[in-house]
Participant: 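I have a structure I would like to understand better, so I am pasting it below and will then ask my questions one at a time.
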There are 2 protein chains.
Amino acid sequence: MASVSKREHIISHALPLFYQNGFNATGIELIISQAGVSKKTLYKYFKSKDDLILSVLTKRDEIFRRKLIDKTEFLGKTAEGKLLALFDFLHAWFNEVNFFGCMFINASAEFTDIEHPSHIVCSEHKNKIKAYIKSLAFEANIKKSSELSAQLNILMEGAIVEAHVSGDKNSAIKAKKMAEVFINLALSTD
Amino acid sequence: MASVSKREHIISHALPLFYQNGFNATGIELIISQAGVSKKTLYKYFKSKDDLILSVLTKRDEIFRRKLIDKTEFLGKTAEGKLLALFDFLHAWFNEVNFFGCMFINASAEFTDIEHPSHIVCSEHKNKIKAYIKSLAFEANIKKSSELSAQLNILMEGAIVEAHVSGDKNSAIKAKKMAEVFINLALSTD
DNA sequence: AACAAAAGAAACCGATCGGTTTCCTTTAAA
DNA sequence: TTTAAAGGAAACCGATCGGTTTCTTTTGTT
């Protein structure tokens with residue numbers, strides 16, 4: 001197995017463990033046993049557990065946004081439809097068997113300091129998603145695309161928390177109805 | 001110091017430590033040194049760390065809702081004004097020096113299993129807040145009080161996450177403007 | 001002043017933590 | 001086929017984890 005893929009192999013096995021059980025609660029020993037590698041190998045590719053966590057979060061950012069964008073582009077025919085499709089993506093996600101909330105919200109809960117490297121990755125992840133939403137709003141010829149993206153982002157975050165903390169599997173549907181209001185408002189005031 | 005107050009003493013000192021550094025990352029040794037009690041005493045009043053965590057979350061639920069309700073009732077003159085005042089409360093909270101997000105969202109991140117006792121306390125905390133919002137909506141003669149409370153709850157959760165993860169100290173202002181839309185919508189369709 | 005309960009200090013427990021080192025086997029390239 | 005790097009297994013490291021025990025001091029009550 002080549003170096004690059006071995007590194008990826010470890011990351012992909014560590015990811016679901018961190019996601020399901022948290023970062024502090026997941027030990028290195030468990031990760032290597034699940035990945036089928038030795039400690040020596042893990043520490044060859046990652047200089048510390050913090051380094052591994054950072055790499056996992058970066059990977060998760062890539063995977064998650066790729067899925068979000070792909071599904072949104074697939075489901076939405078118009079730019080306006082794509083904005084609404086964001087919530088269909090959320091709905092499907094919330095109803096997956098292995099849904100444990102947003103990994104970045106969860107990471108921010110354990111690394112509360114906003115200056116912490118892991119927290120920064122979380123903040124940047126959210127920024128990238130907001131930028132994508134804004135690009136969709138722009139595509140829909142909405143003048144106040146920044147305002148709308150901030151609004152839809154709040155709705156998405158709220159739906160995620162409601163789904164995870166309260167176990168409300170239909171929170172994305174509720175948020176979608178709310179999103180319609182703001183999209184129509186933004187379109188009408190253009 | 002009487003038994004009851006000593007128990008409360010430990011809880012009140014453990015609370016900010018858990019809030020700031022998380023649950024798994026906060027050790028018993030740190031808690032007793034901050035509280036100025038011995039391990040023996042701590043384990044006299046709490047049968048385990050999990051038990052202490054549960055007690056801290058229960059205490060936090062009481063303190064937080066008391067503050068939310070008091071401030072909301074103080075700021076809002078009408079029932080409608082109280083619904084909006086919820087977001088003024090959030091705004092003040094987000095701008096406190098020691099704001100590290102919602103302790104219940106954070107706890108749910110570490111105890112992801114929805115059946116976990118600590119997660120259940122978090123879910124119930126959110127239910128109680130939704131019930132309070134609903135009572136305000138009812139007071140404002142809004143027929144669909146359940147729907148509105150669910151909507152405002154999503155906005156509040158979204159604002160909290162945005163404030164904590166992205167450090168946006170004005171997210172409550174944005175959410176408040178969004179809330180106005182739904183309050184007016186609920187009032188007009190009555 | 002005598003006494004019992006409460007609580008502090010600290011040693012101690014086994015387990016686990018993140019991380020390093022040693023030794024041996026597998027692998028792949030020359 | 002020789003050789004060297006890669007990687008697995010596991011011992012080992014000091015530190016810390018949650019939790020218990022022992023022993024001593026403090027406290028409050030009679």
Side-chain angles (χ1 to χ4, degrees), chain A residues 1-58 106-107 109-113 116-119 121, chain B residues 1-58 106-107 109-113 116-119 121:
Chain A
M1 193 182 289
S3 293
V4 177
S5 77
K6 181 147 261 176
R7 210 186 123 92
E8 290 299 308
H9 176 83
I10 295 170
I11 291 174
S12 69
H13 281 82
L15 199 154
L17 296 174
F18 283 137
Y19 181 46
Q20 181 149 195
N21 307 312
F23 298 91
N24 283 304
T26 303
I28 294 292
E29 219 90 28
L30 179 63
I31 293 169
I32 62 168
S33 77
Q34 286 289 97
V37 300
S38 65
K39 267 194 188 184
K40 197 182 175 187
T41 303
L42 187 146
Y43 281 103
K44 183 187 174 188
Y45 294 103
F46 306 94
K47 67 176 196 289
S48 65
K49 186 187 179 183
D50 281 349
D51 185 28
L52 173 61
I53 290 173
L54 224 48
S55 303
V56 165
L57 286 172
T58 301
N106 294 355
E110 292 200 61
F111 312 112
T112 54
D113 183 2
H116 190 291
S118 290
H119 194 121
V121 173
Chain B
M1 193 183 287
S3 294
V4 177
S5 77
K6 180 146 262 176
R7 211 187 122 92
E8 289 298 309
H9 176 83
I10 295 170
I11 290 174
S12 68
H13 281 81
L15 200 154
L17 295 173
F18 283 137
Y19 181 44
Q20 182 150 189
N21 307 310
F23 299 91
N24 283 305
T26 303
I28 294 292
E29 219 90 28
L30 179 63
I31 293 169
I32 61 170
S33 77
Q34 285 290 96
V37 300
S38 64
K39 267 195 187 183
K40 196 182 176 188
T41 304
L42 188 146
Y43 281 103
K44 183 186 174 187
Y45 294 103
F46 305 94
K47 66 175 197 292
S48 65
K49 187 187 180 183
D50 281 349
D51 184 27
L52 173 60
I53 290 173
L54 224 49
S55 302
V56 165
L57 286 173
T58 302
N106 293 355
E110 293 199 61
F111 311 113
T112 54
D113 182 2
H116 190 291
S118 289
H119 195 122
V121 173

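Chain A is the first sequence line, chain B the second, and so forth, proteins listed ahead of strands; every chain is numbered from 1. Side-chain atoms are counted along with the backbone in the values below, which use heavy atoms only and exclude waters and symmetry mates.
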Participant: Kindly assign one of parallel, tilted or perpendicular to the pair B:H116 and B:F111, based on the angle between their ring planes and the thresholds 30° and 60°.
Facilitator: parallel
Participant: Give the rounded distance in Å between these two atoms: CZ of A:F18 and P of C:dG18.
Facilitator: 8 Å
Participant: Examine distances only and state if a side-chain atom of A:S12 and a backbone atom of A:H9 form a donor-acceptor pair shorter than 3.5 Å.
Facilitator: yes
Participant: Calculate the interatomic distance between B:I31 atom CD1 and D:dG18 atom C1'; express it in whole Å.
Facilitator: 11 Å
Participant: Could you tell me how far apart B:Y45 (OH) and D:dG18 (P) are, to the nearest whole angstrom?
Facilitator: 21 Å
Participant: Any side-chain N or O of A:K40 under 4.0 Å from OP1/OP2 of D:dG7?
Facilitator: no
Participant: Would you indicate what A:S33 reaches in the nucleic acid, counting non-hydrogen atoms under 4.0 angstrom: base, sugar-phosphate, or nothing?
Facilitator: nothing
Participant: Rounded to the Å, how far apart are B:Y43 OH and D:dT22 C1'?
Facilitator: 18 Å
Participant: For the side chain of B:K49, starting at C-beta, report the closest nucleotide among C:dG19, D:dG7, D:dG19.
Facilitator: D:dG19
Participant: Starting at atom CG of B:N24, determine the distance to atom P of C:dG18, rounded to an integer number of angstrom.
Facilitator: 11 Å
Participant: Between C:dT20 and A:K39, is there an OP1 or OP2 to side-chain N/O distance shorter than 4.0 Å?
Facilitator: no
Participant: Indicate yes or no for a side-chain donor-acceptor contact from A:E110 to the backbone of A:G22 under 3.5 Å, with no hydrogens or angles considered.
Facilitator: no
Participant: In whole Å, what is the span from the CG atom of A:L42 to the P atom of D:dA6?
Facilitator: 17 Å
Participant: Return no unless some side-chain N or O of B:T41 is found under 4.0 Å from OP1 or OP2 of C:dG8.
Facilitator: yes
Participant: Return no unless some side-chain N or O of B:K6 is found under 4.0 Å from OP1 or OP2 of C:dA7.
Facilitator: yes
Participant: Please report the distance, rounded to the nearest Å, between CZ in B:R7 and P in C:dA7.
Facilitator: 14 Å
Participant: For B:T26 and B:F23, indicate whether the former's side chain and the latter's backbone hold a donor-acceptor pair under 3.5 Å.
Facilitator: no
Participant: Rounded to whole Å, how long is the line connecting atom CG of B:L30 with atom C1' of D:dA15?
Facilitator: 15 Å
Participant: Check every atom of D:dT20, D:dC17, C:dG8 against the side chain of B:E29 and return the nucleotide holding the closest atom.
Facilitator: D:dC17
Participant: Any chance you could lay out the side-chain hydrogen bond (donor to acceptor under 3.5 Å, both in side chains) test for A:S38 and A:T41, step after step, and finish with the verdict?
Facilitator: CA-CA 5 Å; A:S38 65; A:T41 303; 3.1 Å; yes
